[in-house]
> 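After the structure tokens below, expect a handful of questions from me.
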Amino acid sequence: MACTADTLAAALRAAAAVIAEHRAELVDLDRAIGDADHGENMDRGFTAIVSALDTATPETPAAVAKLAATTLISKVGGAAGPLYGTAFLRASVKLGDAAEVDGPLLVEALRAALEGVQARGKAVGGDATMVDALIPALSAAEEASGSDVAAILAAAADAADKGAESTVDLVPRKGRASYLGERAKGHMDPGARSTALLLRAFAEAAK
């Protein structure tokens, strides 16, 4: 099944519920290696997205993604707002004026999102950031690109989970966690975890 504006809006609502459910976990992860605001920031941002969607649902998937982008950039502090906002913004540009998103277009949007995050944050794989969840997610999505949207998102979510887990053994090279050096090892990156949570929420919503 392809993704429409309405189904993408529903997926964002589902993601907001998942972020709210895991807010305390994200706060705790960020407290260990950062400034403990990631859970609060993500919850605030996705709550604001739901409020914006309650006002009006845009007519295309791209417009829904752009609404998410502008909301996150304007409402969320720290690194999360600009990074996630850029991801959604780059994805929205890739989606163009399509009324429905099929598998191949979804993969292109995920690639654009990753490229946006890397352009904004200058992180590469192995830096112990959300990029370590996004890179394997994109690879898995590319391998599953002949499948439907739900299957592609499920594959991406599975890979993102493993990518987030991989950050536990990495020494962070970007962001506040990098100041801790070796002391940050043993802690999962909160951005990688929230990325995995979002992809899982999208995958479940697409079923």
Side-chain angles (χ1 to χ4, degrees), residues 15 18-19 22 25-39 41-42 45-46 65 68-69 72-73 76-95 106-145 152-203:
V18 168
I19 291 296
H22 290 270
E25 177 197 348
L26 294 173
V27 167
D28 288 343
L29 287 174
D30 199 25
R31 181 179 291 116
I33 58 174
D35 47 13
D37 65 352
H38 188 63
N41 285 341
M42 291 295 288
F46 276 84
L72 291 172
I73 290 169
V76 179
L83 289 171
Y84 276 114
T86 299
F88 278 107
L89 194 60
R90 291 287 188 93
S92 76
V93 172
K94 184 60 68 174
L95 296 176
L106 171 62
V107 173
E108 289 297 316
L110 286 171
R111 183 180 297 113
L114 169 60
E115 290 171 353
V117 168
Q118 290 192 285
R120 187 79 191 230
K122 311 300 184 202
V124 297
D127 282 348
T129 70
M130 63 192 290
V131 168
D132 288 298
L134 281 171
I135 287 176
L138 175 60
S139 295
E142 288 172 338
E143 288 182 18
S145 62
I152 291 170
L153 286 170
D158 288 344
D161 282 338
K162 293 175 183 172
E165 289 286 348
S166 77
T167 65
V168 173
D169 298 319
L170 297 173
V171 176
R173 295 194 292 251
K174 292 289 180 183
R176 191 177 291 265
S178 64
Y179 304 154
L180 297 175
E182 289 282 343
R183 286 178 295 155
K185 282 186 73 171
H187 297 283
M188 186 185 301
D189 178 71
R193 175 61 174 150
S194 62
T195 296
L197 286 171
L198 289 176
L199 284 169
R200 181 64 63 195
F202 291 153

> Taking the side chain as every heavy atom from C-beta outward, state whether V18 and R200 have any pair of such atoms under 4.5 Å apart.
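Counting from C-beta outward, V18 and R200 never come under 4.5 Å.
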
> With sequence neighbours excluded, what pairs up with D30 under the side-chain hydrogen bond (donor to acceptor under 3.5 Å, both in side chains) test?
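So D30 forms no side-chain hydrogen bond (donor to acceptor under 3.5 Å, both in side chains) with any residue.
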
> Salt bridge (Lys or Arg N to Asp or Glu O under 4.0 Å): which pairs involve residues 112-122, sequence neighbours left out?
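Listed by first then second residue: nothing to list.
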
> I need the L134 CG to L199 CG distance, nearest 0.5 Å.
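Going from the CG atom of L134 to the CG atom of L199 covers 6.5 Å.
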
> Could you list the residues that satisfy side-chain contact (heavy atoms from CB on, under 4.5 Å) with A192, not counting sequence neighbours?
A133, A164, T167, D189

> Between NZ of K185 and CG of L170, what distance do you get to the nearest 0.5 Å?
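It comes to 8.0 Å.
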
> Kindly give the heavy-atom pair with the smallest separation between L110 and A141, and that separation in Å.
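It is CD1-CB, 3.7 Å.
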
> What closest approach, in Å, do A159 and P136 show between heavy atoms, and which atom pair accounts for it?
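In terms of heavy atoms, the two residues are closest at CB-O, 3.3 Å.
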
> Nearest 0.5 Å please: distance from the CZ atom of R193 over to the NE2 atom of H38.
10.5 Å

> Test: side-chain hydrogen bond (donor to acceptor under 3.5 Å, both in side chains). Region: residues 125-142. Which pairs qualify, not counting sequence neighbours?
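Pairs touching residues 125-142 that pass the test: R111-E142, D127-R173.
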
> Rounded to the nearest 0.5 Å, what's the gap from CD1 on I19 to CG on L198? Could you check?
4.5 Å

> Identify all side-chain donor-acceptor contacts of residues 84-95 below 3.5 Å with residues at least two apart in sequence or on another chain.
residue: Y84; atom: OH; partner: G191; partner atom: O; Å: 3.3
residue: Y84; atom: OH; partner: S194; partner atom: OG; Å: 2.6
residue: Y84; atom: OH; partner: T195; partner atom: N; Å: 3.0
residue: Y84; atom: OH; partner: T195; partner atom: OG1; Å: 2.9
residue: T86; atom: OG1; partner: P82; partner atom: O; Å: 2.6
residue: S92; atom: OG; partner: L89; partner atom: O; Å: 2.7

> Could you please spell out the steps behind the side chain to side chain contact (heavy atoms under 4.5 Å, CB included) verdict for D158 and K162?
CA-CA 7 Å; D158 288 344; K162 293 175 183 172; 5.6 Å; no

> Identify the heavy atoms of A144 and I152 that sit nearest to each other, and give their distance.
O-CG1, 3.2 Å

> Who are the side-chain hydrogen bond (donor to acceptor under 3.5 Å, both in side chains) partners of Q118, not counting sequence neighbours?
none

> With sequence neighbours left out, what residues match E143 under side-chain contact (heavy atoms from CB on, under 4.5 Å)?
none

> Where is the tightest heavy-atom contact between V131 and A123, given as atom of each residue plus distance?
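What the structure gives for the nearest pair is CG2-CB, 4.0 Å.
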
> Any idea which heavy atoms bring D161 and A196 closest together, and the distance?
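In this case the closest contact between D161 and A196 is OD1-CB, 3.4 Å.
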
